[in-house]
Amino acid sequence: MSTIKKIISKRPAYERDRMRLGATEAKHKHHHSSGGKWPTRALQRVEVDHTTLDIKVRDRLTGKDIDRPTVTVLKDCYTGYPLSIWISFQGESIARIIKAIQYALEDKSGIKAKYGLEHDWLTTPAIWEKLVMDNSLGHHAEAMHSLARDLGCSFEFSTVCSPWEKGAIENFMGRMNQALPLQGRPTKPHEVKSKQSKKLNEAVVYFDDLVKYLHQWLVDLYPHKIVKRKSTSPYMEMEKAIKSYDGLPKIHFTPTSELLRMAISKSTFHKIGSGGYETNGLTYRSRELSQLVQTIGQDIKFEIRQDINDIGEIFVCNPATNEWIVVPEMDYALSKRKPLYQHKLEQKKKRNDLVTSGAKQKDWNARVAQSDAARNLVLAGKKPINPKKSAKSNRADARARGISQDNPHGTVIDITNQTTEIKPNRLLDPKAVGIFNNVIITSKRKINHESI
């Protein structure tokens with residue numbers, strides 16, 4: 001047994017488990033990487049990933065609870081500097097990655113004054129060589145490969161259920177969640193629920209405050225921590241890398257071009273009338289769109305693309321030439337760079353304000369009054385028509401008015417008379433004066449028999 005134990009001990013632990021448990025189980029147990037090289041320079045390897053933040057947010061405009069936001073972050077593996085962040089509630093999608101890439105390539109000189117930062121967010125100096133992401137089905141879409149060709153970079157997909165293969169971004173996501181306030185965090189599945197945890201679940205933060213805090217953490221706090229192993233910080237390494245680059249590499253489109261926005265826009269097919277295209281309380285129209293509709297016709301469905309992160313304009317495809325035109329929204333100044341979810345929240349708040357102020361009830365009362373007035377005008381101008389009644393209803397009315405074959409003119413009988421209904425096997429009252437409609441008539445005074 002000692003000899004066998006010596007032979008087993010000479011083999012690495014991973015090799016032993018690979019033969020016993022299999023390659024997949026051994027890789028999960030030992031967090032074995034499937035390959036790749038450590039980066040030796042900045043922007044050689046950039047990792048991207050999504051995560052849902054452990055905090056609930058509330059909209060300041062409406063005061064309604066929204067949800068836990070999802071963030072997409074790009075981080076350089078060599079310097080450790082965060083290049084971009086994108087926060088929204090649409091979940092994980094290709095559009096999130098493209099918007100994060102667009103935000104990384106944009107000039108961020110205005111971020112410092114917008115959020116009150118102490119340092120500038122360094123703009124990405126060049127296109128990275130390789131972008132590493134997880135092996136989800138959406139990342140293999142043709143839109144992602146087309147984006148890689150246009151940018152001039154390559155994609156690398158990590159193995160399924162192997163987060164350690166992109167450990168830089170996974171570690172960054174963990175630190176970001178730890179930097180969030182404790183209040184508002186949902187209870188994890190492995191955590192023990194208590195009264196304190198229930199109180200934490202009720203706490204929320206405003207969405208605009210969360211965005212400002214995350215930018216402060218990304219720009220002023222995280223990049224300036226000194227790494228003991230290197231005796232430097234991510235900010236210092238990225239600043240050194242930017243000085244070594246002479247200029248940006250040539251790419252097929254700029255980050256703010258319409259081609260990139262069309263690539264991340266949601267596609268739909270609708271008919272367009274002469275008044276333009278209307279959706280979610282927004283109206284898009286232009287002279288060029290009107291001419292296109294007149295040429296093609298209103299019975300044809302056009303392909304329409306709308307960027308849910310910027311509702312300032314839509315893109316309409318000409319079915320005859322496959323060319324795209326840009327159609328602005330009527331209130332372009334207010335809708336430009338406004339996300340769709342914010343517009344829906346504003347519309348919801350306006351509807352709630354109308355109900356609270358009583359404007360909805362006033363509108364309803366005015367509509368009802370107008371309808372009644374119009375109907376009364378018509379009824380006043382019509383000649384009254386006596387409705388036709390059936391013989392059965394006429395006989396019922398005659399009985400109600402006291403008209404019968406014995407009293408055809410409906411002469412009124414003295415109501416002071418006392419009447420007694422005739423019952424079977426009952427002797428007639430000797431004081432009875434007469435009978436009217438099967439009723440014995442008795443009276444203390446004389447009755448005019450001529451009227452009966």
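On a predicted model such as this, the values are computed, not experimentally measured, just so you know. Hydrogens, waters and symmetry mates are skipped; everything else that's a heavy atom, side chains included, is used.
Side-chain atoms of Asp59 come within 3.5 Å of backbone atoms of Leu61 as a donor-acceptor pair (strictly under, hydrogens ignored). Arg96 places a side-chain N or O within donor-acceptor distance of the main-chain N or O of Thr70, the cut-off being under 3.5 Å. Of the possible donor and acceptor atoms, none in the side chain of Arg45 sits under 3.5 Å from a partner among the backbone N and O of Val132. Distance alone, capped at 3.5 Å, is enough to place a donor-acceptor pair between the Ser84 side chain and the Ala100 backbone. A donor-acceptor pair is defined here as one N or O able to donate and one able to accept, closer than 3.5 Å; no such pair exists between the side chain of Arg305 and the backbone of Ser267. In this structure, Ser9 contributes its side chain and Lys6 its backbone to a donor-acceptor pair below 3.5 Å. The closest donor-acceptor contact from the side chain of Asp120 to the backbone of Leu122 lies at 3.5 Å or more, if one exists at all. Side-chain N or O atoms of Asn177 include one that pairs as donor or acceptor with a backbone N or O of Asp54 at under 3.5 Å.
Taking each heavy atom of Gly275 and Thr283 in turn, the nearest pair found is O-CG2, 4.2 Å. In terms of heavy atoms, Ile169 sits closest to Lys166 at CG2-O, 3.3 Å. Shortest non-hydrogen contact noted between Ile55 and Pro69 is O-CD, 3.6 Å. Of all heavy-atom pairs between Ile311 and Gln306, the closest is CG2-NE2, 3.9 Å. Across all their heavy atoms, Glu303 and Phe269 have their closest contact at CB-CE2, 3.5 Å. Taking each heavy atom of Ala104 and Thr124 in turn, the nearest pair found is O-OG1, 2.9 Å.
Under the 4.5 Å side-chain criterion, counting only non-hydrogen atoms from C-beta, Leu83 is in contact with Trp128. Counting heavy atoms from C-beta outward, Glu47 and Asp49 have side chains that stay 4.5 Å or more apart. Under the 4.5 Å side-chain criterion, counting only non-hydrogen atoms from C-beta, Leu43 is not in contact with Glu129. Side-chain contact check for Asn318 versus Leu292: some heavy-atom pair is nearer than 4.5 Å. Inter-residue side-chain proximity for Val48 and Ile101 is flagged as unmet; no heavy-atom pair is nearer than 4.5 Å. Residues Lys108 and Leu117 are not in side-chain contact: their nearest non-hydrogen atoms beyond the backbone lie 4.5 Å or more apart. Contact annotation: the side chain of Glu346 never approaches that of Lys349 to less than 4.5 Å [non-hydrogen atoms, C-beta and beyond]. Put simply, the side chain of Tyr78 does not reach to within 4.5 Å of the side chain of Gln44, judged on heavy atoms.
Crowding of Lys338 atom NZ: a count of heavy atoms from other residues, nucleotides or ligands under 6.0 Å exceeding 12. Shown here is Lys130, whose NZ atom has no more than 12 heavy atoms of other residues, nucleotides or ligands within 6.0 Å. By the 6.0 Å contact criterion, CZ on Arg16 is enclosed, its count of non-hydrogen atoms from other residues, nucleotides or ligands being greater than 12.
Gln342 CD to Ile66 CD1: the interatomic distance, rounded to the nearest 0.5 Å, is 9.5 Å. Remark: Ile272 CD1 to Ser290 OG distance equals 10.5 Å, nearest 0.5 Å. Here the straight-line distance linking atom CG of Leu282 with atom OH of Tyr277 works out to 9.5 Å at 0.5 Å rounding.
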In a table with atom names and distances, give each donor-acceptor pair under 3.5 Å that connects a side chain of residues 220-227 to protein atoms at least two apart or in another chain.
unit_1, atom_1, unit_2, atom_2, d
Asp220, OD1, Glu118, N, 3.4
Asp220, OD1, His119, N, 3.2
Asp220, OD1, His119, ND1, 3.1
Asp220, OD2, Glu118, N, 3.1
Tyr222, OH, Lys75, NZ, 3.0
His224, NE2, Val219, O, 3.2

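Close placement of the Phe172 and Trp217 rings is indicated, their centers lying within 6.0 Å of each other. Less than 6.0 angstrom separates the ring centroid of Trp121 from the ring centroid of Tyr103.
Residues that satisfy the side-chain contact (heavy atoms from CB on, under 4.5 Å) test with Asp363, not counting sequence neighbours, are Arg367.
With Tyr284 as the partner, the side-chain contact (heavy atoms from CB on, under 4.5 Å) test is satisfied by one option alone out of Val316, Thr279, Leu289: Thr279.
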